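Structure, as structure tokens:
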Amino acid sequence: MTIRVIIVDDQAMVRAGFAALLAAQPDIDVVGDAPDGARGVELSRSTHPDVVLMDVRMPEMDGLEAARRLLDPPAGVVHRPKVLMLTTFDVDDYVYEALRAGASGFLLKDAPPADLISAVRVVAAGEALLAPSVTRRLIADFAKRPAAPRRARSVRLKGLTPRETEVLELIARGLSNQEIAATLVLAEQTVKTHIGRVLHKLGLRDRAQAVIFAYESGLVTPGE
């Protein structure tokens with residue numbers, strides 16, 4: 001199956017470079033590019049890509065607003081692509097908010113070419129691109145923020161089994177599936193099953209939103 005991709009970035013050289021790299025892959029088809037968020041949303045609505053590579057900072061409309069419009073479209077629009085945020089910074093408020101909006105992760109623009117190709121495939125497969133090091137940076141960023149209301153989210157936690165709650169906590173602490181399996185003495189496939197149930201019960205899109213939910217619900221506290 002070919003992965004359809006569009007690239008939204010205000011730098012023409014970045015768009016051209018990423019397009020050439022991705023188009024050279026037999027399983028990736030670059031179906032368009034746009035120089036700002038507004039045109040990126042229009043392009044996505046007309047081309048229906050599987051993955052949108054979205055720059056964070058752009059004129060006219062930034063990547064955060066564009067991601068919100070793509071991931072929470074108006075009535076009548078059914079297409080929701082996976083959104084992979086691109087940034088030149090390790091941590092960026094826009095990226096954090098984009099993850100909360102439903103983006104599937106973020107990638108640094110200076111990442112090795114192989115990482116970009118892998119990221120597109122991972123996100124297209126429905127996984128979140130949220131490595132442990134990225135999780136730790138998000139946690140540090142979240143720790144600086146005012147405490148959010150937790151009552152409603154805490155009630156949602158009651159719908160999880162004790163094991164599912166354990167798995168969610170370990171996800172939030174930045175452990176990979178393999179590390180969770182070792183910690184809980186489970187098969188890795190069993191861990192994946194638990195994660196799928198956690199996401200379904202909590203109404204979350206992916207691992208990225210699960211991490212944020214765990215901290216905002218009070219299940220895990222930064223610095224513990």
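Bear in mind the structure is a predicted one, so any value in this text is a computation, not a measurement. FYI, the numbering just counts along the sequence from 1.
- Among pairs with a residue in residues 40-55, those fulfilling side chain to side chain donor-acceptor pair (under 3.5 Å) read Asp55-Lys109, at least two apart in sequence or across chains.
- Residues Met54 and Ala66 share a closest heavy-atom pair of CE-CB, 3.5 Å.
- Expressed to the nearest 0.5 Å, how far CG of Leu175 lies from CG of Leu170 amounts to 5.5 Å.
- For the ring pair (Phe, Tyr, Trp, His ring centres under 6.0 Å) condition, no pair includes a residue of residues 20-39, sequence neighbours left out.
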Are Leu116 and Leu21 close enough, and set up right, to give a side-chain contact (heavy atoms from CB on, under 4.5 Å), and what steps lead you there?
-> CA-CA 9 Å; Leu116 173 63; Leu21 176 66; 3.6 Å; yes
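- Looking at Val52 and Leu84, their side chains never come closer than 4.5 Å, going by heavy atoms from C-beta outward.
- Between Val5 and Leu53 there is a side-chain heavy-atom pair separated by less than 4.5 Å.
- Between His79 and Pro49 the shortest heavy-atom distance is NE2-O, 2.8 Å.
- The only option from His194, Arg197, Lys201 that meets the side-chain hydrogen bond (donor to acceptor under 3.5 Å, both in side chains) definition with Glu164 turns out to be Lys201.
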* **Derivation of the side-chain contact (heavy atoms from CB on, under 4.5 Å) call for Thr190 and Leu184** => CA-CA 10 Å; Thr190 302; Leu184 299 180; over 6 Å; no
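- For the pair Arg156 and Leu204, the tightest heavy-atom approach, listed with the atom from each and the gap, is NH2-CD2, 4.2 Å.
- At a threshold of 4.5 Å between non-hydrogen side-chain atoms, the residues Met58 and Pro35 do not count as touching.
- In this structure, Lys192 has no side-chain hydrogen bond (donor to acceptor under 3.5 Å, both in side chains) partners at least two apart in sequence or on a different chain.
- Two residues are said to be in side-chain contact when any heavy atoms from C-beta on lie closer than 4.5 Å; Val51 and Arg4 fail this criterion.
- Taking the side-chain hydrogen bond (donor to acceptor under 3.5 Å, both in side chains) definition, one finds that Asp115 meets it with nothing, sequence neighbours left out.
- Applying the side chain to side chain donor-acceptor pair (under 3.5 Å) test to pairs two or more places apart or on separate chains, those with a residue in residues 28-37 are Arg15-Asp33, Asp36-Arg39.
- Evaluation of the ring pair (Phe, Tyr, Trp, His ring centres under 6.0 Å) test over residues 2-25, restricted to residues two or more places apart or in two chains, returns none.
- Taking the side chain as every heavy atom from C-beta outward, Leu168 and Phe213 approach each other to under 4.5 Å.
- Of all heavy-atom pairs between Ala23 and Val30, the closest is N-CG2, 3.9 Å.
- Applying the salt bridge (charged side-chain N to carboxylate O under 4.0 Å, His left out) rule to Arg163 yields the partners Glu166; only residues at least two apart in sequence or on another chain are considered.
- For Ser118, the side-chain contact (heavy atoms from CB on, under 4.5 Å) partners at least two apart in sequence or on another chain are Val122.
- Side chains of Leu71 and Val83 form a contact here, defined as non-hydrogen atoms less than 4.5 Å apart.
- Counting heavy atoms from C-beta outward, Ile195 and Asn177 have side chains that approach closer than 4.5 Å.
- Between the side chain of Gln25 and the backbone N or O of Leu22, no donor-acceptor pair lies under 3.5 Å.
- Every residue meeting the salt bridge (charged side-chain N to carboxylate O under 4.0 Å, His left out) condition with Arg121, not counting sequence neighbours, appears here in chain and number order: Asp27.
- The two atoms that bring Ser104 and Lys82 nearest to each other are OG-CD, 4.0 Å, heavy atoms only.
- Nearest heavy-atom pair, Leu107 versus Ala119, reported as atom, atom and distance to 0.1 Å: CD2-CB, 4.2 Å.
- The side-chain hydrogen bond (donor to acceptor under 3.5 Å, both in side chains) search around Arg68 returns none, not counting sequence neighbours.
- The side-chain hydrogen bond (donor to acceptor under 3.5 Å, both in side chains) check on Asp10 picks up nothing, with sequence neighbours excluded.
- Here the side chains of Arg173 and Val220 are in contact, with some heavy-atom distance below 4.5 Å.
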